[in-house]
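Side chains included, hydrogens not; waters and symmetry mates left out as well; all remaining heavy atoms used. Counting convention: from 1, in listed order, for ligands and their atoms alike.
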Amino acid sequence: MRIELDTTQLEKARTLIAQANCIIITTHMAPDGDAMGSALAMYHWLQSTEHRTQRTDQISLIVPNAFPEFFNWMPGVEHIHVFEKEQELCKSLIDKADLFICTDFNDPKRIGPIGEKMVASSAPKILIDHHLNPVDFADVMFSFPEATSASEIVYRFITEDRFAERTKTTDAEGPLLLKDIATCIYTGLMTDTGNFSFNSTSCELYEIIAELIRAGIQKDEIYNAVFNQYSTDRVRLTGYALYRKMRIYPDYHLSLITLSADELDRYHYKVGDTEGLVNMPLQISDVYYSVFMREERAKPGTPKSRIRISFRSQGDRPVNIWASEIFHGGGHANASGGEIFGTIEQAVQIFEKTMQKYVKVES
Ligand code: 5GP
Ligand code: MN
């Protein structure tokens with residue numbers, strides 16, 4: 001389905017951008033390919049175009065915490081500020097901000113401490129997102145749960161604008177997008193659809209991809225950069241998790257993998273090393289639900305470990321209600337997340353106690 005942006009909202013967003021002096025682009029914690037792609041595409045677009053009337057403006061991209069190294073190749077990553085590592089600088093940028101552009105999240109809670117400061121700020125906010133039920137915190141909202149990714153909405157946002165501009169220029173036959181913008185958008189489309197293996201059947205998606213290729217993206221190189229640059233440790237950790245740690249609950253068509261902080265240490269775990277692991281049990285023919293729990297050691301001053309939980313499912317088997325009602329999270333019907341504070345054993349107990357209620361038992 002084609003994502004149609006409301007023209008009044010578009011006009012409002014353009015005006016806010018034109019008037020802003022100090023723009024902050026931000027995206028969700030533990031940034032994935034769509035978070036990185038949508039935020040960086042906006043960053044490049046704002047840097048590269050002439051639609052800002054203020055020439056003194058400053059555009060900053062702030063993410064709450066570290067992103068995986070396999071995104072280090074993305075154009076513009078060197079400009080990203082990581083709040084957790086550069087708190088003072090980020091706080092001063094946020095204090096100065098007169099516009100926030102938020103991509104790929106629906107609730108200020110998903111950007112941690114940035115969210116608290118952002119909500120407290122009187123600066124206007126533009127939201128570009130594809131998660132269900134967004135919290136009403138933005139002045140302009142482009143919220144499309146039916147979109148493949150936030151990057152798809154960013155594509156529409158940017159190209160709508162370029163269409164308008166292109167009619168005024170002689171470049172009417174040229175590509176709609178600069179290559180860097182196109183590369184970032186493709187990364188978001190590719191990662192949020194599992195390399196076009198789910199949620200990716202619309203003609204419009206492939207029309208967008210055609211336009212991105214016209215803009216010069218190296219599609220196969222992007223795949224290679226994201227999915228074929230793992231460390232030996234990462235691949236061995238995946239092997240260990242699947243061979244030793246995967247439990248199957250056959251009556252529930254359900255798989256559970258847990259990894260403790262000690263186990264992760266053994267494989268020199270780095271951010272992103274378990275990305276995609278939760279999808280792998282779904283490769284088994286009669287597994288329709290997959291859950292993955294990863295322990296993060298307690299931070300100094302806090303007594304309990306954080307158990308980060310990922311949920312995936314296939315077809316008409318929502319997992320977001322389980323994630324939200326029991327694990328303080330939420331998400332899409334087939335891909336959700338949550339957390340609890342305690343031990344892995346406690347998390348597994350809660351999981352086993354509640355699965356009867358939230359997992360559809362079928363023959
Ligand atoms: P992941 O398992 O990749 O961390 O998360 C999968 C999806 O679940 C994310 O794209 C996001 O939509 C959602 N999600 C993950 N964690 C949370 C959370 O704590 N709260 C909410 N509302 N959604 C989450
Ligand atoms: Mn996304």
Side-chain angles (χ1 to χ4, degrees), residues 3 26-42 63-68 71 102-112 115 127-135 137 142-156 184-196 198-200 205 226 255-259 271-282 289-296 306-314 318-341 347 351:
I3 302 302
T26 187
T27 188
H28 66 75
M29 257 187 269
D32 56 13
D34 186 34
M36 297 289 288
S38 56
L40 277 167
M42 281 308 287
V63 300
N65 57 3
F67 52 85
F71 294 128
C102 303
T103 73
D104 201 28
F105 66 92
N106 60 354
D107 183 339
K109 288 198 189 107
R110 300 273 292 137
I111 54 172
L127 173 69
I128 298 181
D129 180 49
H130 70 130
H131 294 92
L132 287 169
N133 309 324
V135 170
F137 70 94
F142 298 106
S143 167
F144 294 92
E146 67 275 29
T148 58
S149 53
S151 298
E152 179 181 352
I153 311 166
V154 167
Y155 174 87
R156 291 289 175 213
C184 294
I185 287 172
Y186 185 79
T187 305
L189 299 179
M190 179 186 80
T191 52
D192 259 25
T193 59
N195 196 33
F196 311 103
F198 50 82
N199 194 23
S200 51
L205 175 63
V226 174
S255 157
L256 171 67
I257 295 175
T258 63
L259 288 172
V271 174
D273 278 358
T274 54
E275 191 76 43
L277 178 61
V278 65
N279 295 309
M280 299 181 89
L282 297 175
Y289 293 89
S290 172
V291 177
F292 167 53
M293 299 181 181
R294 176 171 58 79
E295 181 188 16
E296 285 173 16
R306 174 175 185 251
I307 314 295
R308 177 62 224 167
I309 307 166
S310 287
F311 299 81
R312 297 291 185 275
S313 64
Q314 287 172 333
V319 281
N320 47 350
I321 303 158
W322 197 7
S324 72
E325 290 187 354
I326 306 295
F327 297 100
H328 317 287
H332 312 278
N334 295 130
S336 302
E339 64 181 15
I340 64 156
F341 290 85
F351 162 89

The Mn ion (ligand 2) contact by [X], N, O or S atom under 2.8 Å:
| X | value |
| --- | --- |
| Asp129 | no |
| His131 | no |
| Asp32 | no |

### Message
Quick one: does any side-chain atom of Ser200 pair with a main-chain N or O of Phe198 as donor and acceptor, under 3.5 Å?
### Response
yes
### Task
Without swapping roles, check the side chain of Asn320 against the backbone of Gly330 for a donor-acceptor pair under 3.5 Å.
no
Quick one, [X] and [Y] - any side-chain contact, counting heavy atoms below 4.5 Å?
| X | Y | answer |
| --- | --- | --- |
| Ile257 | Pro281 | yes |
| Pro31 | Asn65 | yes |
| Glu146 | Ile3 | yes |

#### Entry: Angle subtended at the Mn ion (ligand 2) by His130 NE2 and Asp104 OD1, rounded to 10 degrees
90°
## Note on the structure
Closest to the Mn ion (ligand 2), among the N/O/S atoms of Asp192, is atom OD2
### Message
Could you identify the N, O or S atom of Asp34 positioned closest to the Mn ion (ligand 2)?
### Response
OD2
Looking at [X] and [Y], what are the two nearest heavy atoms and their distance?
| X | Y | value |
| --- | --- | --- |
| Thr193 | Thr148 | CG2-CB, 3.9 Å |
| Asn199 | Ala147 | ND2-O, 4.0 Å |
| Ser336 | Ala323 | CB-CB, 3.7 Å |

### Task
Collect the protein residues that have a non-hydrogen atom under 4.0 Å from ligand 1 and hand them over in chain and number order.
Arg110, His131, Arg308, Ser310, Arg312, Gly329, Gly330, Gly331, His332, Ala335, Ser336, Gly337
### Query
Is the Tyr155-Phe142 ring centre distance short of 6.0 angstrom?
no
